[in-house]
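Ligands are counted one by one from 1 in listed order, and the atoms in each one are counted from 1 as well. All residue numbers in this chain count up from 1 along the given sequence. Fair warning: this is a prediction, and the values are worked out from it, not measured in the lab.
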Amino acid sequence: MRPSTLGEALELLHYHGDEARPLAGGQSLVPMMNLRMARPSMLVDLNVVPELSGIALQSDFLRVGAMTRQAVILDDAQVRQHAPLVVVALKHVGHFQTRSRGTIGGSLAHADPSAELALAMVTLNARLRLQSVNGERVIEAHEFFIDAMTTAIGAGEIITEIMIPRSPPDAKVVFREYARREGDFAIVSTAVQRSAGESSLLVAVGGVASVPFFCSELSRRFSRSGFDTAIATDLARAELERIEPMSDLNADGAYRRHVASIFLLESLREVFA
Ligand SMILES: Cc1cc2nc3c(=O)[nH]c(=O)nc-3n(C[C@H](O)[C@H](O)[C@H](O)COP(=O)(O)OP(=O)(O)OC[C@H]3O[C@@H](n4cnc5c(N)ncnc54)[C@H](O)[C@@H]3O)c2cc1C
């Protein structure tokens with residue numbers, strides 16, 4: 001079905017229940033259907049619902065509609081200025097072709113443990129607006145991701161927009177990723193944003209655990225003080241010990257932790273340089 005308003009889309013999802021799935025860019029859902037890992041009997045195509053697309057600057061955040069294409073976000077001057085971490089993260093998401101169809105909402109709803117956008121949203125403490133026929137609610141990114149491919153989206157709900165806090169004007173950002181080839185999903189990724197002027201530091205790790213992990217101790221310890229390699233090494237190790245790492249054909253958990261600790265130290269050195 002191809003609803004042309006948000007209200008119609010929500011009614012369809014409500015009426016058809018578990019049988020229906022929203023279709024965004026199709027870059028994850030269609031491959032899953034090809035592999036018979038998803039077998040929805042109805043697709044509710046969100047592609048012509050105008051309310052769901054677009055980027056708008058608000059007083060303290062950027063409002064990004066869930067159906068905004070990844071390529072559009074990557075090229076947007078407001079995002080470059082006010083959320084530079086999103087831009088550096090997006091450069092690692094798939095390829096030009098997948099980004100031209102793939103959406104921010106689709107990526108977050110799919111919740112791959114290695115998804116760069118999920119990591120960027122947890123790092124920046126973005127909020128997601130979810131809506132169903134019963135109303136709407138706002139949830140913080142770190143509460144939205146529950147497990148690999150599992151989110152807080154309830155029955156009949158869709159993500160309508162993402163609210164990304166504006167980064168301080170002097171923000172320095174570093175996004176590191178290890179993948180087998182350019183455009184592949186990350187085996188390990190890290191995101192760091194520092195503002196000297198606002199004494200803030202945000203640090204998070206992706207691809208190691210089943211959901212992005214915000215490094216609260218590292219972020220707190222170095223937000224107001226100068227960088228110290230020895231303390232950072234110990235804190236990074238302690239943070240990563242708290243993570244239950246994934247093991248798969250690409251890398252075991254110990255290797256993921258090791259690469260993440262190197263990325264974290266390199267990135268911290270860079271933002272403090
Ligand atoms: C070759 C290739 C390489 C890729 N590499 C990467 C990569 O390196 N990093 C990465 O992060 N991703 C990668 N991807 C995935 C890509 O980023 C997808 O765009 C993304 O995962 C899904 O976005 P989509 O808009 O295509 O959503 P869809 O595939 O249409 O939907 C994905 C899921 O989200 C649900 N959904 C969609 N929109 C909403 C909404 N608004 N509210 C609630 N549920 C919704 C759908 O029902 C479905 O379950 C790759 C894909 C391909 C094909």
Side-chain angles (χ1 to χ4, degrees), residues 1-3 6 9-10 12-14 16-35 37-54 64-74 86 88-122 128-132 136-137 139 144-146 148-162 175 177-189 191 206-207 211-212 250:
M1 301 289 273
R2 212 157 200 231
L6 177 57
L10 296 176
L12 282 168
L13 287 167
H14 175 68
H16 293 279
D18 284 350
E19 297 288 298
R21 284 283 274 275
L23 173 71
Q27 298 302 302
S28 294
L29 182 55
V30 174
M32 283 176 71
M33 288 167 65
N34 284 340
L35 295 167
M37 290 165 72
R39 293 168 175 265
S41 46
M42 166 169 302
L43 292 177
V44 177
D45 184 353
L46 304 178
N47 281 275
V48 292
V49 177
E51 299 100 301
L52 293 176
S53 287
V64 184
M67 283 298 293
T68 312
R69 308 279 172 202
Q70 294 158 8
V72 170
I73 300 171
L74 189 51
V86 175
V88 291
L90 260 172
K91 288 183 178 160
H92 294 276
V93 177
H95 310 272
F96 172 80
Q97 292 87 340
T98 61
R99 292 192 297 262
S100 70
R101 292 299 301 165
T103 65
I104 183 169
S107 174
L108 300 179
H110 186 61
D112 188 289
S114 295
E116 292 84 355
L117 281 171
L119 175 59
M121 295 307 115
V122 168
L128 287 80
R129 191 179 300 280
L130 305 178
Q131 200 168 334
S132 71
E136 59 172 42
R137 63 189 174 116
I139 184 166
F144 176 79
F145 298 106
I146 293 174
M149 316 288 194
T150 308
T151 70
I153 298 176
E157 269 186 333
I158 61 166
I159 308 169
T160 54
E161 64 183 40
I162 298 97
F175 193 95
E177 170 159 324
Y178 169 55
R180 282 192 176 269
R181 297 168 307 184
E182 200 182 326
D184 280 6
F185 277 94
I187 296 170
V188 176
S189 51
V211 294
N250 289 313

Legend entry - Taking atom 4 (C) of ligand 1 as the reference point, the nearest protein heavy atom with its distance: Gly94 CA, 3.7 Å

Legend entry - Heavy atoms from other residues, nucleotides or ligands near CE of Met42 exceed 12 (cutoff 6.0 Å): yes

Inset, instruction - Measure the spacing between CD of Glu116 and CD of Gln70 and express it to the nearest 0.5 Å. - result: 9.0 Å

Legend entry - Structural part of Met67 in contact with ligand 1, heavy atom criterion under 4.0 angstrom: neither

Inset, instruction - For atom 47 (O) of ligand 1, find the nearest protein heavy atom and state the residue, atom name and distance (0.1 Å precision). - result: Pro22 O, 2.5 Å

Legend entry - Residue and atom name of the nearest protein heavy atom (relative to atom 9 (N) of ligand 1), distance in Å to one decimal: Glu116 OE1, 2.7 Å

Legend entry - From Ser189 atom OG to His92 atom NE2, the distance as rounded to the nearest 0.5 Å: 8.5 Å

Inset, instruction - Could you tell me whether the side chain of Thr160 reaches within less than 4.5 Å of the side chain of Glu51, counting heavy atoms only? - result: no

Inset, instruction - Please report which non-hydrogen protein atom sits nearest to atom 42 (N) of ligand 1, along with the residue it belongs to and the distance in Å to one decimal place. - result: Ile159 N, 2.9 Å

Inset, instruction - Considering the heavy atoms of Ala115, write down every atom of ligand 1 situated less than 4.0 Å from one of them. - result: 11 (O)

Inset, instruction - Pick one of side chain, backbone, both or neither for how Ile153 approaches ligand 1, counting any non-hydrogen atom pair under 4.0 Å. - result: side chain

Inset, instruction - Taking atom types as modelled, find out whether Thr98 and Gln27 have a side-chain donor-acceptor pair closer than 3.5 angstrom. - result: no

Inset, instruction - Tell me which part of Thr98 gets within contact of ligand 1: side chain, backbone, both or neither, using heavy atoms under 4.0 Å. - result: side chain

Legend entry - Minimal non-hydrogen separation, Arg21 against Pro40, with atom names: CG-CB, 3.6 Å

Inset, instruction - Could you tell me the residue and atom name of the protein heavy atom closest to atom 24 (P) of ligand 1, and the distance to it rounded to 0.1 Å? - result: Gly25 N, 3.4 Å

Inset, instruction - Check the surroundings of atom NE2 in His110: do more than 12 heavy atoms from other residues, nucleotides or ligands lie under 6.0 Å from it? - result: yes

Inset, instruction - Do me a favour and list the nearest non-hydrogen protein atom to atom 31 (O) of ligand 1 with residue, atom name and distance? - result: Leu29 CB, 3.8 Å

Inset, instruction - Look at the side chain of Ser114 and the backbone N and O of Ala186, then say whether any donor-acceptor pair between them is shorter than 3.5 Å. - result: yes

Legend entry - For atom 23 (O) of ligand 1, the option (of Ala179, Ala38, Gly105, Gly106) bearing the nearest heavy atom: Gly106

Inset, instruction - Could you tell me which atoms of ligand 1, counted from 1 in the order shown, lie closer than 4.0 angstrom to a heavy atom of Ala109? - result: 34 (O), 35 (C), 36 (N), 43 (C), 44 (N), 45 (C)

Legend entry - Numbering as shown, the atoms of ligand 1 that approach Ser28 to under 4.0 Å (heavy-atom distance): 15 (C), 18 (C), 20 (C), 21 (O), 22 (C), 26 (O), 29 (O)

Inset, instruction - State whether the shortest distance between N or O atoms of Glu157 and N or O atoms of ligand 1 falls below 3.5 angstrom. - result: no

Inset, instruction - Kindly indicate whether the side chain of Ser132, heavy atoms from C-beta on, has any atom under 4.5 Å from the side chain of Leu13. - result: no

Legend entry - Sub-3.5 Å N/O-N/O distance, Ala24 and ligand 1: yes

Inset, instruction - Considering heavy atoms of the protein only, find what lies nearest to atom 28 (P) of ligand 1 and give residue, atom and distance to 0.1 Å. - result: Gly26 N, 3.4 Å

Inset, instruction - Answer yes or no for Asp184: is there a heavy-atom contact with ligand 1 below 4.0 Å? - result: yes

Inset, instruction - Write out the residue and atom name of the closest protein heavy atom to atom 17 (O) of ligand 1, then the distance separating them to 0.1 Å. - result: Gln70 NE2, 3.4 Å

Legend entry - ligand 1 contacted by His92 (non-hydrogen, < 4.0 Å): yes

Legend entry - Donor-acceptor pair, side chain of Thr68 and main chain of Gly54, under 3.5 angstrom: yes

Inset, instruction - Give the atoms of ligand 1, by number and element, whose distance to some non-hydrogen atom of Arg21 is under 4.0 Å. - result: 47 (O), 49 (O)

Legend entry - Thr103 backbone acceptor or donor facing Arg69 side chain under 3.5 Å: no

Inset, instruction - Considering the heavy atoms of Ala66, write down every atom of ligand 1 situated less than 4.0 Å from one of them. - result: 41 (N)

Legend entry - Residue Gly183 vicinity, atoms of ligand 1 by number, heavy atom under 4.0 Å: 5 (N), 8 (O)

Legend entry - Asp18, CG: over 12 other non-hydrogen atoms inside 6.0 angstrom: no

Legend entry - Per-atom contacts of ligand 1 with Gln27, taking only distances under 4.0 Å to non-hydrogen atoms: 18 (C), 19 (O), 26 (O), 29 (O), 51 (C), 53 (C)

Inset, instruction - Check for a donor-acceptor pair, side chain of Ser100 on one end and backbone N or O of Gln97 on the other, with a separation under 3.5 Å. - result: yes

Legend entry - Gly102 neighbourhood, listing ligand 1 atoms whose heavy-atom distance to it stays under 4.0 Å: 19 (O), 25 (O), 26 (O)

Inset, instruction - Return yes if some donor-acceptor pair links the side-chain N/O of Asp112 with the main-chain N/O of Ala148 below 3.5 Å, else return no. - result: no

